[in-house]
Number of protein chains: 2
Amino acid sequence: MLGTLRDIRLFVSVYEERSFTLAAQRENATQSGVSQHVRNLETAFGVRLFIRDKRRIAPTPAGDAYYRRAIDVLRAHDAASRTVQAYAAGQDGQIVVGLMPTMTRCTLAPALARFVDAHPNVKVHVTEGYSAALTQMVRAGEVDFAIVPAFADSAGLKSRLLLRTPELFVAAASGAHLPGPIRLADRGKLKLVLPSAVNTRRGTLETYCATVGADIARTIELDTMFGTLDFVARGDWVTILPALMLDGDATSGFDVNPIANPSLTLDLVLIEPARRTLAPAAAIFLDLLEQEARRISAVWEQAYQES
Amino acid sequence: MLGTLRDIRLFVSVYEERSFTLAAQRENATQSGVSQHVRNLETAFGVRLFIRDKRRIAPTPAGDAYYRRAIDVLRAHDAASRTVQAYAAGQDGQIVVGLMPTMTRCTLAPALARFVDAHPNVKVHVTEGYSAALTQMVRAGEVDFAIVPAFADSAGLKSRLLLRTPELFVAAASGAHLPGPIRLADRGKLKLVLPSAVNTRRGTLETYCATVGADIARTIELDTMFGTLDFVARGDWVTILPALMLDGDATSGFDVNPIANPSLTLDLVLIEPARRTLAPAAAIFLDLLEQEARRISAVWEQAYQES
DNA sequence: AGTGGGGTATCCGATTTTCTGATGCGGTTG
DNA sequence: CAACCGCATCAGAAAATCGGATACCCCACT
C-alpha cells in the first residue's frame, strides 16, 4: 500500500527538523535513505510534500496536511504497541522527565517521594534544564514529557497549559516586612537579578518592568537559581521568582510579596513528543507533579486574592 | 520499531477471519507469510496474540486489546493517505507575489480563491506594499512578480503594461447622487485626501488637478487605503481612487463618479526579475489576477464610455 | 487404531525492498 | 572563485519479505 510506517516516521522527522540531514541523524539513518523514503511517499501519492527551494526546505500544503494525519498514525501505532506490551510479563517501567528549575526546586521532591512509594519498580530519571534544551529533548523523543515555560514554537510537540503561577517579588529579609501585593513601580530604585536571554522568562520580565515603569537601577544576569537566591539573601539586590519555587521553608530569610497592578504570572506548559502517547507510569507521575504544583501555587494565589 | 503496517494489516485480517489461511486469501498472500508476520508481532511484543489450540484459533486478551488499537492505526493511515491525495491535482511549488493595495482590495480575493481551488498544493505568499518596496523585492529576486503603478526606473526589471484602469472620484454618499462622468473643476472647493509623496500616484494626481484647474481647498496625506475610505465615508472630504478598488459592495456608502475631460487613469504594470522566467504556477496565478482585474475594471470603463 | 483432511509452524531459496557510501548538482558564503 | 552545505541520484550490499515445500498437530471418520 501507500506509505509504510517507516516512510511516515521519516517524513515526520523531516517535517519537524525542516531538514533531511538532521532528520537522518535523529532517526539514525543516512540522508540518502531519508531522501528516498520521502520520495517514495511523493511518487506514491503523486504530490510534492516539500519544496526544495534555496537553502531550506518548506512543506507544501499537502505536506502540512499529511503531517497532521501522520502524527495521528504514529500516535495510534504507539498506543497500540504500549497497550499490548502491558500484557507482556516482566515489563521494566522506565520514565524520563525533563523539568525546568522552577519545578525541581520545591515541587519535584514531594511528588517523587509519593511516586517511588507507590511504584517501587519504575525507574525514574529526571533531567533539569532550561526550555531550549528540554524542548530539543522532547522533539528528539528522549524524554516522556517535559515542563517548560510557555513558548512560541511548538512544531513536533503536543503541548497543553499545565499551571499558571504568580511571579513573586523576592528580597532579603528586612525585619520590617509587610505581606500583601506590591507594585514594582513603588519600590524605588531596584537592583534586579534577572535570568539571561536564553531563558524564556527574561523577555516577559523585561517587558513587564518596562510596562509598569519600574525603576531599574542595575541588573545582573544569573542563570542559576541557587546562586540567585543566595545572592539576594545577602544583599540589597532583589529578584522575581515563580511562586512554585517558594514553598514553605524556602522563603525563610526572604521577604516575599505578590506583584500586582497588573499581575505578573508564569505559564507552565506540558510538552510531549507529538508522535507518542504518554506511558501509563509517566501519566501517573505527571499527575502527582501537577497536584504538588497546584498545592504550592495555591498558597500564593490565595495571598494574591486577598489584596 | 515494533510492528510494521503490514504486520498490523495481516494481524487484523487474521483476527477478523479467525484463520491464517482465510486471512492469507483475503490479503492475497500465502499462509506462510501471514504466519510469519503474526509471529513477528508476537516475538516483538513478547506476547501471544492468538491461542492456536484445537481446530480453531482464538485471540488472547492481548490480541483483543491490540486489535482495537490496530484498527485505529489502519484508519489513521487511511485517512492520512486520502487527505494527501486530495492535493494531487494541479501545479505544485511556491509562488511569492507582491501587490499594491489597489490590487489587494478587491481583485486578490476572488483570484486567490479560484487559484487555491485549482492548485491546492501551491504555497501562495502575497506581500502588500507600495511600488518602491515591491520594486526592490523584484530586483532582489524575492518575489516571482509584482504589480505596481507605472514608473520610470526599470533597470533589472522585465515589465509590461497589465491594465489601464480609470481613476474615480469618491465622496461620502449624499442621497442625491448623479452617476456619470464629472469634471473636477466643476465640483467647487475640494477637501482632498491624497497619498503621500512616496506613492507614485501622488505626482499624477497633483499634475492632473493643476492641469484641469481644480479648486483644492485643503489636502491631507493618508497612506492607508482602509483609513482613507473610512475617513471619506464619514465627512465632507473626497478622494480619488482607482476603479479596481471599487468593486460591488465596496462602493456602498460612497458616491462614485468617473472623471472626464480629460480622463484620468492609472496604469498598472507587471514587473518580474529580468533574469528569471515566470514559474508555471505563477503565470497561472497572474492570469487569474489579470482576469479579475479586467472584470472589475470593465464595469467602470463601460460607465465611462457612455458619457 | 489407522487414515485423511484441515489448519498452522517452520525451513530455505528467490525476490524484492531497504540501506549505505559515493558522487553530482545547485546555491550560499567567505 | 573556491569551499562548503544540503539534497538527489545511483549502484552495490544488506536485509526483509515472499512463496513453495514440508513437518506437525488435532480431530473426525472409517
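Proteins come first, then strands; the chains are lettered A, B, ... in the order of their sequence lines, and each starts at number 1. Just the heavy atoms: all of them, side chains too, but no hydrogens, waters or symmetry mates, feed the values below.
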_Distance check needed: dT17(D) P versus I8(B) CD1, whole Å only._
13 Å
*Residues of residues 63-71 of chain A with any non-hydrogen atom less than 4.0 angstrom from an atom of DNA chain C: list those, numerically ordered, please.*
none
*Take atom CZ of F50(B) and atom C1' of dA9(C), then tell me their distance rounded to the nearest Å.*
15 Å
*Indicate whether OP1 or OP2 belonging to dA9(C) is found under 4.0 Å from a side-chain N or O atom of R52(B).*
yes
*Counting heavy atoms from C-beta on, name the nucleotide in dG19(D), dT8(C), dA8(D) closest to the side chain of S32(B).*
dG19(D)
*Could you work out which one of dC10(D), dC7(D), dC18(D) sits closest to the side chain of Q36(B)?*
dC18(D)
*Return the value, rounded to whole Å, for the distance between atom CG of L2(B) and atom P of dA16(D).*
14 Å
*Taking atom types as modelled, find out whether Q85(A) and S81(A) have a side-chain donor-acceptor pair closer than 3.5 angstrom.*
no
*asked:* Can you confirm whether the side chains of D64(A) and Y15(A) place a donor and an acceptor under 3.5 Å from each other?
replied: yes
*dC19(C) phosphate, OP1 or OP2, under 4.0 Å from R6(A) side-chain N/O*: yes
*Grab the CG-C1' distance between L41(A) and dT18(C) for me, whole Å please.*
14 Å
*Given atom CG of L5(A) and atom C1' of dT18(C), what is their separation to the nearest angstrom?*
15 Å
*Could you tell me whether F50(B) and Y66(B) have their ring centroids closer than 6.0 angstrom?*
no
*For atom CD of Q31(A) and atom C1' of dA8(D), their distance in whole Å*: 7 Å
*What is the distance, rounded to the nearest whole Å, between atom CG of L10(B) and atom C1' of dC18(D)?*
11 Å
*Below 4.0 angstrom from OP1 or OP2 of dA8(D), is there any side-chain N or O of S35(A)?*
yes
_Short side-chain N/O contact from R39(B) to OP1 or OP2 of dT10(C), under 4.0 Å_ = yes
*Nearest-Å distance, CG (D7(A)) to P (dC19(C))?*
9 Å
*Nearest to the side chain of S19(A), which nucleotide is it out of dT18(C), dC7(D), dG19(D)?*
dC7(D)
*Could you tell me which non-hydrogen atom of V122(B) sits nearest to which non-hydrogen atom of P61(A), and how far apart they are?*
O-CG, 3.8 Å
_Under 6.0 Å between ring centres: does that hold for F45(A) and Y87(B)?_
no
*According to a strict under-4.0 Å criterion, is T21(B) in side-chain N/O contact with OP1 or OP2 of dT8(C)?*
yes
*Report yes if at least one side-chain N or O of H37(A) is closer than 4.0 Å to OP1 or OP2 of dT17(C); otherwise report no.*
no
_Would you say Q291(B) and D287(B) are linked by a side-chain donor-acceptor pair, where the criterion is simply a distance under 3.5 Å?_
yes
*Verify the distance criterion only: is there a donor paired with an acceptor across the side chains of Q31(B) and T21(B) at less than 3.5 Å?*
no
